[in-house]
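In the text below, chain A, chain B and the rest are named by the order of the sequence lines, each starting its count at 1.
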There are 2 protein chains.
Amino acid sequence: MLHAVIPAGGSGTRLWPLSRSSNPKFLHPLTGTAQTMLQATMARLAPLSGLSETFVVTGVSHAVAVARQLPDLPESNILVEPSPRDSCAAIGLAAAVIEHRSPGAVMGSFSADHLVRDPAAFVTVVREAVAGAERGLLMTVGITPTHPETGYGYLHTGDLVAGGIREVTEFKEKPNAEVARAYVESGNYLWNAGMFVWKTDVFLAELAEQQPSLHEGLRAIAAVWDTDDRDAAIGDLWPTLTKISVDYAVMEGASAKGIVGTVPGDFGWHDIGDFHTVGTVLPATDEGNVILGGSKDEVLLVDVHDSVIVPGSGRLVAAVGLRDVIIVDTPDAVLVCPRDRAQDVKKLVDELKDRGETAYL
Amino acid sequence: MLHAVIPAGGSGTRLWPLSRSSNPKFLHPLTGTAQTMLQATMARLAPLSGLSETFVVTGVSHAVAVARQLPDLPESNILVEPSPRDSCAAIGLAAAVIEHRSPGAVMGSFSADHLVRDPAAFVTVVREAVAGAERGLLMTVGITPTHPETGYGYLHTGDLVAGGIREVTEFKEKPNAEVARAYVESGNYLWNAGMFVWKTDVFLAELAEQQPSLHEGLRAIAAVWDTDDRDAAIGDLWPTLTKISVDYAVMEGASAKGIVGTVPGDFGWHDIGDFHTVGTVLPATDEGNVILGGSKDEVLLVDVHDSVIVPGSGRLVAAVGLRDVIIVDTPDAVLVCPRDRAQDVKKLVDELKDRGETAYL
C-alpha cells in the first residue's frame, strides 16, 4: 500500500481575492465540482492509499480548515509545520515520520492544488511509479507536455529503465519560450509537476548524503513525533532546518547519479495557478463563460463571452458586453481583470502588501 | 422673484446598480462633489429663488429622502405625487399650486438630475428666460449643441423676438445620426433640455385650451392643496389625470401658435444618463479614471486607464490591466461593463424585471 502525502501550502496570490494567505487555493472548490482542491486530491488518492496511510502536511494557519475539510483523516496523519521552511522540510518531515512508523514504506507526494481530469489514468501512472520506487529509484511523475509552457520546470528524460519507466538525467528550470519549444519538439522532456514516489528509506539516505543537517533534524523530530516530546523537539529543531526545495536539495543531485526515474503521465493535469487557467480547464457555458461556485441567481450576464465569473459574496455579479474578462467577487473585495492579464493579479497583491493592507491578504 | 420647481423623478436605469427605483440618480452625488444631484440643483437655483419660492415635485417613494437631503426646504414646498403620471401632471401640479398661492407668478422648471458646470452662466440665461416669460411667452432654455447627439430632442429656432430670445417654431423628437448632424450644422437647432420658464397663468391658460380635463383636475387639486381636503381630492382626481409629457401636452401646440421662446444656453449642461457620461463629465485622475464617491482606500488600480470606478459598498474594488471599463460596486450588486456599452446597462435592468428580481431594481 502506498503512503500518500499531500503537501498543502502556498497562498496562490494570482488567485486573489479568492485565494488568501489565510484561505489559500487548495481550500477552494476550483475543481468544477463542490469538492475543494484538497478534497479532490484526497479522493483521487483513495484507490492507492487507505485513510490511515494518507497524510497532509500543512501550516498552523490552515490546520483547522484541513481538519474540517477532511473529517475522516486520522488526526495523527495531519502533520502541522510550525512555520514554512520550503518543500524539502515539509516532504522530508512526512518521509521521516512515515519511515519511523513503517520502515521501508513507499510514499508518494502530491500537491493539494493540482487538478487531474482523468483520475483513473492518474492511478495507473502512480502504480507504475510505485514499481519504480520498489526498484530503489526516486521516482517523479512527469507530465507529457501539451504545449511549450514557460511556467513550469522540465524533466530531461533518458533511457528506458524498465516497463514505462525512464531515467531522468536532469531537472530543468522554467525555460524561455524558445527553449520550451525545443524541449517539447524533442520529445525528451516532461513537465515537472512536483509529484514524487519513493521508498522513504531510499529518500532519507539520499537526503542524508546531500543535506546531512536537514536530514538529522528531520529524523530527530520524527523520532519523537508520536510522543510528548514533539513540541520541545519542534521548538528546538524546526527553526534550524535548511529552507530549500526538494528539487534542489535531493532530486537534482540524485538525477546526476542516475537514480531518478519518471513515468510520463497523461491524465489531464493542471496547475490551477490563475483565473485564466481556471477558465481554460473547467466546463464552460454555451457562451464560453466559466462560472465558479455561487448559485445561478448570483450572476446576470448579457452578451458576455469567454469570461471567468466567480461570485462569492451573495451579491449579484452583473455584466454586459464583455469578452475574455475575469470578475471575482468576495465579501470584502472585487477583482476585475482581462484574462490575458491574469498573471498580473499578483501585482495587486504586491501593492496591498506595500500599503500594509493585510486585511485583504 | 422666480418660483423654481424641481421635478425629482425617473429611475435612471442606465445608472443601475447605483441608481434604483427606490434610490434614483438625483439622490446620488454624481456631481464630482459631496452634493447629490438634487442638492446641486437647488444650490444652482439659490441666486434665482428664495427657499420659500423653491419647490420639489417628487413621488411617494422618494419624499423622505428629498426631505432629508433638503432639510431647509419648507414642508409645504415638497409636492408629493401619489403616483407618477408623467411630466405634465408633475409640472402642472406645481404650476397650479403656485398660481393658487401667488397668482401671476413666474415659475421655472429644472430637472433634479442634470449637471451644470457653469452655474453663473446658468443664472444669467435663466434671467433672460424670465424676461421672456414676463412678455407672455412659454420659455424654454435650449442648449447650444456641442455635438450631433442622438439621445436628446431638439428645438427648431426661428426669428429673434427680443434681446437673446428666439422663437421656437417646432419641437423635434430624438433624431437619427444624419438628421442630428444636419441640425447642428444648420445652427438653427438647440438641445431640448426640458427646462421651462413661464408665468403660471399663461401656462395654465394654454393647458386649459389643449388639455382641458387635465387642467381642470390640476386646478381642483391645487385649490384644496393647502387644506384638509387635499387627500380626498388627490384620491379622487389624481388617478384620472391624463398621462402625458409637458412637451406633447402643451409646448408642441404652443410652438405652432408662435408663443414659445428660447434662450440658448451654454453653461456646461449634461444629462448624466449613463456611466460613460459620468466619466466624460467629471474630473479624472492622471490615468483618465473617474472615481466616484468612496474613499481612496476602497480602490486599487494597477495599469487601469480611462475607466469609471464607483466604489460604494465599503469593499475593495481592485482591477488590473483595464481601459474604458465601468465598475460599479454596491452593497448587493456589482456591475462590470465597457464604456461603449454603457447604454446596455438598461438591458440588465430589463432582464431583472423579467426575472422578477425586484430586490435589485
Sort [X] into side chain, backbone, both or neither according to what part of it lies under 4.5 angstrom from a heavy atom of chain A.
X: B:Pro17; result: neither
X: B:Val349; result: neither
X: B:Ile327; result: side chain
X: B:Asp332; result: backbone

>> Any salt bridge linking B:Asp344 with B:Lys347? Criterion: basic side-chain nitrogen under 4.0 Å from a carboxylate oxygen.
In response: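 Between B:Lys347 and B:Asp344 there is a salt bridge, with a charged N closer than 4.0 Å to a carboxylate O.
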
> With only heavy atoms counted, which part of A:Pro311 is less than 4.5 Å from chain B, the side chain, the backbone, both or neither?
Replying inline: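 It is neither, since no heavy atom gets under 4.5 Å.
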
> Can the ring centroids of B:Phe275 and B:Trp16 be said to lie less than 6.0 angstrom from one another?
Replying inline: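 No.
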
> Does the ring centre of B:Tyr183 sit less than 6.0 Å away from the ring centre of B:Trp191?
Replying inline: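 Ring centroids of B:Trp191 and B:Tyr183 are no less than 6.0 Å from each other.
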
Would you mind reporting whether [Y] and [X] have side-chain heavy atoms less than 4.5 Å apart?
X: B:Leu15; Y: B:Leu30; result: yes
X: A:Arg355; Y: B:Leu300; result: yes
X: B:Val308; Y: B:Arg339; result: yes

> B:Val304, B:Val317, B:Val328, B:Leu301: which one forms the most heavy-atom pairs within less than 4.5 Å of chain A?
Replying inline: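 Maximum pair count with chain A is reached by B:Val317.
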
> Between B:Ile326, B:Asp340, B:Thr330, B:Val325, which has the largest tally of heavy atom pairs under 4.5 Å with chain A?
Replying inline: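 The answer is B:Thr330.
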
